[in-house]
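We're numbering straight along the sequence, starting at 1.
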Amino acid sequence: MIKQHIEIFYKVGEYRLKNTKICVGLLTYCPSNNPQKFSVLKKTVDSLSLLKECCEGVYIYVWDNNSSSETKEYLKSKDLFDSYYMSEKNYYDVGAMHFLAEKAKSLNSPYAIHVEDDMCFYNKDFLNDSFLFMEKNKDCGALRVTKYEYDKMPKYDKLSNYPLKDHANAMRHLNWITKESLTWQGPQKFGKNIFYKNNWHWTNFPSVCRTEILDTILPKTDCSPLNKFEGIMMKNYDKLNLSVGVLDGGATTHLANTTTEASMRFKFCSSNNKPLSHTFESVDYNKLSKQIQFFLRD
């Protein structure tokens, strides 16, 4: 039965269906034997309060992939969240992102953002300016808000030899699907923030995404999580011939280094001694869809 695998909690009087500008979905997973991960998760949750402080119409919920009882109780104790979804089955990022698209649509939210539990927000002024950028740049389907400094590109290039490289936020400086070099446009200033746009590929790291675009690029089929899942979304995004926005300076940073216990993605791979793409079983899309619809019934 679907029902036995789900707990749903709503804050009384704050289940908002109107005037939502952005739906923020936090994905959490913390087992009982990982205190370092739990500490990072708490920092992530605390930083999310910035989003509601700086902007109206922000709906934040948590999707938990069957964490420890201590973690679940902690999450349910936080007034920050407008709703809570606790699953007894771990659907990894596949479940969380499919649910984000459906939840955002149910709220009539034009924008959505996927956040994982090792991220920390630090820019309290980015959301309203980001909406302005997206409204003026209809060719952008998503806006990257992970930490990035335009005038320090080598610092964030995975393949560079920059001595002070930001390994936690580094990325490949090309379109991973077409293998084309990045072609930049900008700057554009909105409010207190500077924005650029280019031909980057899609990434599941935090992006302010148009809800209809997120829904379009999600694979509606059985799919392995993480690399394979994100890779399909990259290909689907590329087919739309859309640009990608980039917030100069970013708004959020990774707290968990790839070599620490706080990064569950890399912990799973190292413990299994397998490539990331071969570490996880495929998520059954039909079963996931049934659980998502159960989530959304109330």
[X] [atom1] to [Y] [atom2] distance, which is reported to the nearest 0.5 Å:
X: L26; Y: L100; atom1: CG; atom2: CG; answer: 11.0 Å
X: M234; Y: T178; atom1: CE; atom2: OG1; answer: 11.5 Å
X: S67; Y: L75; atom1: OG; atom2: CG; answer: 6.5 Å
X: K76; Y: K72; atom1: NZ; atom2: NZ; answer: 7.5 Å
X: I217; Y: N236; atom1: CD1; atom2: CG; answer: 7.0 Å

Shortest non-hydrogen contact between [X] and [Y], atoms and distance:
X: W176; Y: H201; result: N-ND1, 2.9 Å
X: W200; Y: L174; result: CD1-O, 3.3 Å
X: L288; Y: V283; result: CD2-CG1, 4.2 Å
X: Y61; Y: A96; result: OH-O, 4.0 Å
X: M233; Y: L218; result: CE-CD2, 3.6 Å
X: L296; Y: E102; result: CD1-CB, 3.6 Å

Per the side-chain contact (heavy atoms from CB on, under 4.5 Å) rule, which among D117, V62, N65 passes with L27? N65
Partner of V24 under side-chain contact (heavy atoms from CB on, under 4.5 Å), picked from L127, V208, V115, is V115
Do the ring planes of H98 and F229 sit parallel (below 30°), tilted (30 to 60°) or perpendicular (above 60°)? tilted
Any idea how H173 and Y148 line up, ring-wise: parallel (<30°), tilted (30 to 60°), or perpendicular (>60°)? tilted
How about [atom1] on [X], more than 12 heavy atoms from neighbouring residues, nucleotides or ligands closer than 6.0 Å, or not?
X: E135; atom1: CD; value: yes
X: K124; atom1: NZ; value: no
X: K155; atom1: NZ; value: yes

For the residue pair [Y] / [X], report whether a side-chain donor-acceptor contact shorter than 3.5 Å exists.
X: N193; Y: N123; result: yes
X: N169; Y: T146; result: no
X: Y196; Y: Q185; result: no
X: D222; Y: S282; result: no
X: N66; Y: K89; result: no
X: H254; Y: D118; result: no
X: S68; Y: T71; result: yes
X: Q188; Y: N137; result: yes
X: N198; Y: T183; result: no
X: E281; Y: S224; result: no

When W63 is tested against each of Y29, F295, Y92, Y85 for ring pair (Phe, Tyr, Trp, His ring centres under 6.0 Å), which residue passes? F295
Determine, step by step, whether K158 and D166 satisfy the salt bridge (Lys or Arg N to Asp or Glu O under 4.0 Å) criterion, reporting the C-alpha distance in whole Å, the side-chain angles of both residues, the deciding distance to 0.1 Å, and the verdict. CA-CA 9 Å; K158 272 190 175 182; D166 186 345; over 6 Å; no
Evaluate the criterion side-chain hydrogen bond (donor to acceptor under 3.5 Å, both in side chains) for residue pair S243 and D139; output intermediate values, then yes/no. CA-CA 6 Å; S243 297; D139 60 321; 3.3 Å; yes
Does the salt bridge (Lys or Arg N to Asp or Glu O under 4.0 Å) test come out yes or no for D46 and K78, once each step is laid out? CA-CA 9 Å; D46 289 343; K78 304 301 288 186; 3.8 Å; yes
Is a salt bridge present between D82 and K52, judged by a nitrogen-to-oxygen distance below 4.0 Å? yes
Carboxylate-amine/guanidinium proximity below 4.0 Å for D125 and K192: yes
Count I, L, V, M, F, W, Y as connected when their side-chain heavy atoms are under 4.5 Å apart, and connections chain through other members. Are M153 and L182 then in the same cluster? yes
